[in-house]
Amino acid sequence: MKKLIFTLTAITSLLVVSCDNSKKTIANSTEVKVVGMMKNVMWKGQLQGIINLDTISNREHLYGFGPQEYLSAELLIIDGKSYKSTVVNDSTMKVVETFNSKAPFFGYANISEWEQLTMPDSVTTIPSLENYLDKISQKHIQAFLFKLEGKIDAASIHIVNLPKDTAVNSPDDAHKGRKSFELQNEQVRIVGFFSTEHKTIFTHHDTFLHMHLITNDNLKMGHLDEVSFNPKSIKLFVSK
């Protein structure tokens with residue numbers, strides 16, 4: 001009888017642990033996974049890919065971005081679809097849909113639920129957006145992803161395009177060959193990362209933000225450097 005009671009107790013304990021672990025998995029599913037570090041690329045020349053996007057098994061509501069290995073392209077995953085942009089010439093880029101890419105650093109998360117926020121009229125640029133997200137970030141214990149959808153007045157994006165066999169020992173080296181592209185009055189989607197704890201890891205040393213933009217026609221995509229918009233013409237969402 002004692003053995004039977006012990007067995008039933010053990011089974012019950014395992015079931016409780018199993019349920020608790022299941023809850024933890026669900027709760028942690030929207031956490032941003034950051035692989036690699038920007039500073040290792042910029043200062044140590046670690047350009048090779050350490051994550052193959054093709055190996056991310058759960059692509060349901062997947063969002064993520066980063067550069068392609070050897071700083072040869074920009075990468076963006078938006079709601080389970082993966083895009084790569086490369087430089088064709090000074091005025092032209094090419095955007096293709098593919099998961100066949102590797103990245104030296106990359107941030108990603110599976111997000112099925114987003115919370116829409118109403119931005120104040122003062123939020124019209126990257127600095128004002130950063131200040132606004134910093135104020136509301138007390139609700140988010142960790143780094144989080146956000147997205148913007150709508151019309152921008154103007155934007156500047158770039159695509160890394162490092163010449164082959166270039167040695168990288170500084171940010172100036174890493175930016176060799178980089179091409180910038182100007183956008184005007186475009187309908188876009190922007191995926192962004194906010195964290196006060198990831199400077200030089202997944203954001204540059206002077207910002208809490210890292211963002212990639214793609215136009216709604218999927219013809220232009222890159223790392224977002226500057227943007228201006230009317231907050232009434234664009235919607236902001238943060239991961240729940």
Side-chain angles (χ1 to χ4, degrees), residues 32-36 38 41-42 46-112 114 145-152 154-166 168 174-193 202 209-227 234 237:
V32 184
K33 303 174 184 68
V34 176
V35 179
M38 182 185 292
V41 174
M42 298 291 189
Q46 296 178 4
L47 307 178
Q48 68 276 14
I50 60 173
I51 179 172
N52 188 333
L53 303 193
D54 239 353
T55 65
I56 302 176
S57 57
N58 183 8
R59 299 180 185 178
E60 187 174 5
H61 303 299
L62 180 64
Y63 294 79
F65 53 91
Q68 184 168 262
E69 65 177 350
Y70 302 106
L71 302 182
S72 56
E74 299 290 345
L75 306 173
L76 172 64
I77 302 175
I78 186 163
D79 202 13
K81 292 187 176 182
S82 181
Y83 301 92
K84 176 178 73 173
S85 62
T86 53
V87 174
V88 176
N89 54 47
D90 286 346
S91 60
T92 310
M93 71 176 73
K94 181 180 180 181
V95 180
V96 297
E97 186 175 338
T98 179
F99 269 92
N100 185 23
S101 297
K102 295 180 180 180
F105 63 91
F106 199 79
Y108 63 102
N110 298 88
I111 303 170
S112 59
W114 296 86
L145 293 186
F146 63 92
K147 64 179 182 177
L148 293 157
E149 297 177 350
K151 177 178 172 292
I152 51 98
S156 178
I157 61 176
H158 77 249
I159 299 174
V160 288
N161 186 41
L162 190 70
K164 190 176 180 180
D165 298 325
T166 298
V168 173
H175 294 157
K176 288 178 180 177
R178 184 176 76 171
K179 298 296 181 185
S180 294
F181 298 87
E182 306 303 315
L183 308 180
Q184 299 283 337
N185 300 316
E186 293 267 14
Q187 293 287 333
V188 304
R189 292 162 290 163
I190 297 168
V191 179
F193 170 90
F202 197 63
L209 299 181
H210 186 170
M211 294 180 283
H212 280 203
L213 173 152
I214 187 167
T215 55
N216 282 8
D217 58 13
N218 298 335
L219 295 178
K220 301 168 189 173
M221 188 273 281
H223 176 107
L224 182 61
D225 294 314
E226 297 179 18
V227 67
I234 199 163
F237 303 86

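Although no hydrogens or angles enter the test, the distance criterion places no donor-acceptor pair under 3.5 Å between the side chain of Ser156 and the main chain of Glu226. At least one donor-acceptor pair closer than 3.5 Å links the side chain of Ser85 to the backbone N or O of Met221. Side-chain atoms of Glu69 come within 3.5 Å of backbone N or O of Gly49 as a donor-acceptor pair.
Counting heavy atoms of neighbouring residues, nucleotides and ligands inside a 6.0 Å radius, atom CD of Glu60 does not exceed 12 of them. Crowding of Lys151 atom NZ: a count of heavy atoms from other residues, nucleotides or ligands under 6.0 Å exceeding 12. Within 6.0 Å of CG on Asn100 lie no more than 12 heavy atoms contributed by other residues, nucleotides or ligands.
Taking the six-membered ring for Trp, Phe193 and Phe202 have ring centres closer than 6.0 Å.
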Is there a side chain to side chain contact (heavy atoms under 4.5 Å, CB included) between Phe106 and Leu53 once you walk through the steps?
CA-CA 9 Å; Phe106 199 79; Leu53 303 193; 3.8 Å; yes
Before giving the answer on side chain to side chain contact (heavy atoms under 4.5 Å, CB included), spell out for Val35 and Tyr108 the whole-Å C-alpha distance, their side-chain angles and the decisive distance to 0.1 Å.
CA-CA 9 Å; Val35 179; Tyr108 63 102; 4.0 Å; yes
Apply side chain to side chain contact (heavy atoms under 4.5 Å, CB included) to His158 and Asp225, showing your working.
CA-CA 7 Å; His158 77 249; Asp225 294 314; 2.8 Å; yes
Kindly determine whether His61 and Asn110 satisfy side chain to side chain donor-acceptor pair (under 3.5 Å), including the steps that lead there.
CA-CA 5 Å; His61 303 299; Asn110 298 88; over 6 Å; no
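Just one residue in the list Thr86, Asn89, Thr92, Asp90 forms a side-chain hydrogen bond (donor to acceptor under 3.5 Å, both in side chains) with Lys179, and that residue is Asp90.
His210 and His223 have tilted rings, their planes meeting at an angle from 30° to 60° on a 0 to 90° scale. Using cut-offs of 30° and 60° for the angle between ring planes, the His212 and Phe65 rings count as tilted.
Note that the CD1 atom of Ile77 and the OG atom of Ser101 stand 9.0 Å from one another [nearest 0.5 Å]. Between the CD1 atom of Ile190 and the OG1 atom of Thr215 there is a distance of 11.0 Å, given to the nearest 0.5 Å.
Using a 4.0 Å cut-off between charged nitrogen and carboxylate oxygen, Asp79 and Arg59 do not count as a salt-bridge pair. Using a cutoff of 4.0 Å between basic side-chain nitrogens and carboxylate oxygens, Lys220 and Glu186 are scored as salt-bridged.
Thr55 and Asn52 share no side-chain donor-acceptor pair at under 3.5 Å.
By the side chain to side chain contact (heavy atoms under 4.5 Å, CB included) test, Gln184 is found to be paired with Ala154, residues two or more places apart in sequence or in another chain being considered.
For the pair Val41 and Val168, the minimum side-chain heavy-atom distance is 4.5 Å or more.
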